[in-house]
2 protein chains.
Amino acid sequence: MTGRKIRNMEEFAEVSGISRPTVSKYFNDPDSVRKSTRARIESALEQYDYRPNIFAINQNRKLTKNIGIVVPYLADPFFAEIARNLEMLVIAAGYHPILLSSHGSTAQENDNFESLRAIKPAGALLAPLGRASDKAAVERFCKAVPSVLFDSHISGMGEAFVGHDNIQATKLICEYLCRTGQPPAFFEMRTPTNPNAYRRRNAYCEAMERMGHPVHLLQAEGGGWDFEKIGLEGGTKVIEEHSLPTDTILCSNDRLAIGFLAAAYQKGLRVGLGAGAALRVAGHDDHPFSRYTCPPLTTVSQDYTAIAERSVERLFSLVESGERAENRDEIFFEGKLVMRQSA
Amino acid sequence: MTGRKIRNMEEFAEVSGISRPTVSKYFNDPDSVRKSTRARIESALEQYDYRPNIFAINQNRKLTKNIGIVVPYLADPFFAEIARNLEMLVIAAGYHPILLSSHGSTAQENDNFESLRAIKPAGALLAPLGRASDKAAVERFCKAVPSVLFDSHISGMGEAFVGHDNIQATKLICEYLCRTGQPPAFFEMRTPTNPNAYRRRNAYCEAMERMGHPVHLLQAEGGGWDFEKIGLEGGTKVIEEHSLPTDTILCSNDRLAIGFLAAAYQKGLRVGLGAGAALRVAGHDDHPFSRYTCPPLTTVSQDYTAIAERSVERLFSLVESGERAENRDEIFFEGKLVMRQSA
DNA sequence: TTTTAAATTTTACCCCCGTAAAGTTTTTGA
DNA sequence: TCAAAAACTTTACGGGGGTAAAATTTAAAA
């Protein structure tokens, strides 16, 4: 780090003794220039502190190295965790992740789409809000930017969808619960925020009918993203009303289950498998905190890593081929049973 | 949305019948042009879909409307929640937040600083890793970009620090615990990831000495950001070794407490206040999930909202004056006791 | 050594907008 | 109504770099 300040590529080309277009070529792909040229540039790089201006670069490219990541609610540890995985994969691929949270708001989601389009991303990984999404806005965005949807499925949008197999996973835990005790009732939000919830509800109903057990839906009121709160309040209500039709509760997701466990605890109902237990409670997702509940939550896992990896992989195959997918594929990863002490 | 496609400001100026420099002026401040001119531009804006190219804008400004937000670990709901608050305040102020997580890694933190500097942000809100931070890198960044530090304090860096009063808050809960039962032992990580932990440890020691109670530090092994795991394992260990010197445990933060509660539960130790309880456990932070633990966690809150608001306020007073602070101020918000059922 | 292909340089133009300077029009206020 | 002030237009330049085309050099192959 010596010598004069370098203001632009012109000056850097000068001090490194190479022409500017070749320097430009180097920065776009160091392997595209002769080895000896590369060496000269890199030795100049050690002497002088220079890097190309990102705005000037992006202005001249139709596409940038930016990859947008949009999640519906980043303060939900599930999305935080999957976003973390996605970011790291995108970085590893030499791209630049731009992480945006819609904070549960349709307006914010639309703003995020606009912000993203303004920076001409090479592609985007989207988990839309779902029910609350402005479908037309999602569609416009996907048309303009190669996108892979993950977690929340909106039919027909994006070049691909990568997500969790809600149906298989729900059936799996239903079967486990039926095999090991009373058939479960299903605890959920009456009007779920997340579209996966509908698939889980349907899968539960189907599974129970197939096994010849009664279907019991326990529906909590409330909207938004404060699932634990809804679980706690809804859980308290069903317990107080003695409206539990069975001793086994399958919650639509782990966050609801965490709330429900709190409700059970506060009402003095012991949850677990042993003789002294009054209730079995299971969740869905293998949420980062589900192993720390009391008792530890039995659940079905989502394969976070696989979903993140495949989403990124699928997106880059689009981005790097420069083509749009001829046929939209949908990839589902199976859930695994995570047996802990709550059910 | 009719008419031909507009490619740039030149063309837009043409169709709106105004000169390009005036149009440019309008986009920088709609109030800086005559009312009638503004009306003509805005009616053209309704007919034609045009917005200025963000890269070209930023290339020509020394400063952008970008505000960097760097947090050490976004998958920690505490940071997710505070980032959410910060983002919304920054947006409300008409700026553009760029949220970056260091994912607990020094290298990533430094990369984040570089990425941010590359986009010439008007300012930055930083919560450094702390102990793991590359101090020189933080200092360089703060010298180059007006920055307000929050949550984790590194002395002398940034134009201001806004955070939680760890000392007051720790003393508050110590006094509460001593007043209502046995004096607490302090459960923490031996080598804490977060710098606040050291202040809490010291405040605990001081408070106990001042009140004439013995100081007991229970130190869990392990590093990183998986605090619940450390709390569970460390808690299991101290319980198994019968090395609990008192029936009251004050955890250095809520996430450790969540782990500790799980340990107690799994070891059959009933936590709470009543007669049947073997243990009291308290935390620190009022973590988003602390109200859903079993039993609900007694803790001291951090004033998330105030910290976020003041940080943003302080940063914009710098940004908009265009000056650097003559004297660095440090603002601490007091914690409040949150009494729930665990202690 | 010659031929050929590949890499580089030169030249030139483009991207899209900020902004300063000078000249022109419109608005304001007395 | 008229001069001063304000707003606008025209003109011109600059920012930092992508990229195409033609000319030149270098390296590899025959």
Side-chain angles (χ1 to χ4, degrees), chain A residues 4-45 48-66 96 117-122 322, chain B residues 4-45 48-66 96 114-115 117-122 322:
Chain A
R4 60 163 159 145
K5 282 269 174 187
I6 303 296
R7 332 195 124 273
N8 54 36
M9 194 180 278
E10 190 86 50
E11 288 188 16
F12 179 73
E14 199 176 306
V15 299
S16 59
I18 310 278
S19 74
R20 190 179 67 75
T22 304
V23 171
S24 168
K25 205 148 169 264
Y26 165 83
F27 279 109
N28 282 317
D29 177 8
D31 282 322
S32 69
V33 303
R34 199 151 40 205
K35 269 211 307 280
S36 60
T37 308
R38 176 171 179 172
R40 287 169 69 193
I41 292 178
E42 288 177 348
S43 88
L45 229 32
Y48 300 94
D49 184 23
Y50 167 74
R51 72 198 55 212
N53 179 303
I54 188 78
F55 298 116
I57 292 174
N58 286 337
Q59 181 177 17
N60 289 307
R61 273 211 255 268
K62 37 216 146 280
L63 247 45
T64 66
K65 284 274 185 179
N66 294 328
H96 189 76
R117 289 185 59 172
I119 59 170
K120 296 186 282 191
Chain B
R4 60 162 159 147
K5 280 270 175 188
I6 302 296
R7 333 195 124 272
N8 54 36
M9 195 180 279
E10 191 85 47
E11 288 188 16
F12 179 73
E14 199 176 307
V15 299
S16 59
I18 309 279
S19 74
R20 192 181 66 75
T22 303
V23 170
S24 168
K25 207 151 167 262
Y26 165 83
F27 278 109
N28 283 316
D29 177 10
D31 281 322
S32 69
V33 304
R34 200 151 39 205
K35 270 211 307 279
S36 60
T37 308
R38 177 170 179 172
R40 287 169 68 190
I41 293 178
E42 289 176 348
S43 88
L45 229 32
Y48 300 94
D49 184 23
Y50 167 73
R51 71 199 57 213
N53 180 301
I54 188 77
F55 299 115
I57 292 175
N58 286 337
Q59 182 177 13
N60 289 308
R61 274 211 254 268
K62 29 208 151 290
L63 246 45
T64 66
K65 284 274 185 180
N66 294 328
H96 190 77
E114 287 218 18
S115 305
R117 290 185 59 172
I119 58 170
K120 297 187 283 190

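The analysis underlying the following values was restricted to heavy atoms, covering all of them including side chains, and did not include hydrogens, waters or symmetry mates. Every chain is numbered from 1, with letters handed out A, B, ... down the list of sequences. Owing to the predicted nature of the structure, the values given are computational and were not obtained by experimental measurement.
- Considering only the side chain of R34(A), dT26(D) comes nearest among dT19(D), dT26(D), dT27(C).
- Note on ring orientation: taking the six-membered ring where Trp is involved, the planes of Y50(A) and F12(A) are parallel (angle under 30°, cut-offs 30° and 60°).
- A straight line from CZ of R51(B) to P of dC17(C) spans 12 Å, rounded to a whole angstrom.
- Atom pair K120(A):NZ and dC16(C):P shows a separation of 7 Å (rounding to whole Å applied).
- Judged purely by atom type and a 3.5 angstrom limit, S16(A) has no side-chain atom pairing as donor or acceptor with the backbone of I41(A).
- Spacing between atom CG of N28(A) and atom C1' of dA7(C) amounts to 16 Å, rounded to whole angstrom units.
- If you check dG18(D), dT8(C), dG16(D) against the side chain of K25(A), the one that comes closest is dT8(C).
- Taking 4.0 angstrom as the limit, T22(B) places none of its side-chain polar atoms (N or O) nearer than this to OP1 or OP2 of dC8(D).
- Counting only distance, with no hydrogens or angles, the side chain of N8(B) and the backbone of E11(B) share a donor-acceptor pair below 3.5 Å.
- In terms of position on DNA chain C, the residue among S36(B) and A56(A) whose nearest nucleotide sits closer to the 5' end is A56(A).
- In the set dT19(C), dC16(C), dG17(D), the nucleotide with an atom closest to the side chain of R20(B) is dT19(C).
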Checklist line | Step-by-step side chain to side chain contact (heavy atoms under 4.5 Å, CB included) determination, I18(A) to T37(A) | finding: CA-CA 8 Å; I18(A) 310 278; T37(A) 308; 3.7 Å; yes
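- Proximity of a side-chain donor or acceptor of K120(A) to a complementary backbone N or O of N58(A) within less than 3.5 Å is detected.
- Between S24(B) and dG18(C) there is a side-chain N or O to OP1 or OP2 distance below 4.0 Å.
- Here the nucleotide nearest the side chain of P21(B), chosen from dC16(C), dT10(D), dT9(D), is dT10(D).
- In this structure, CG of D29(B) is placed 15 Å from C1' of dT19(C), rounded to the nearest angstrom.
- If F27(B) and K35(A) are placed on DNA chain C by their nearest nucleotide, the residue sitting closer to the 5' end is K35(A).
- Taking side-chain N and O atoms only, Y26(A) has no distance below 4.0 Å to OP1 or OP2 of dT9(C).
- Separating the CG atom of N60(A) from the P atom of dG16(D) is a distance of 13 Å, rounded to the nearest angstrom.
- Here dG17(D) presents its P atom at 12 Å from CZ of R7(A), a figure rounded to the nearest Å.
- Spacing between atom CD of E11(A) and atom P of dG15(D) amounts to 10 Å, rounded to whole angstrom units.
- The listed nucleotides are dG15(D), dG18(C), dT26(D); the one nearest the side chain of Q59(B) is dG15(D).
- A straight line from CD1 of I54(A) to P of dC15(C) spans 21 Å, rounded to a whole angstrom.
- Put simply, T37(B) has a side-chain N or O that comes within less than 4.0 Å of OP1 or OP2 on dC8(D).
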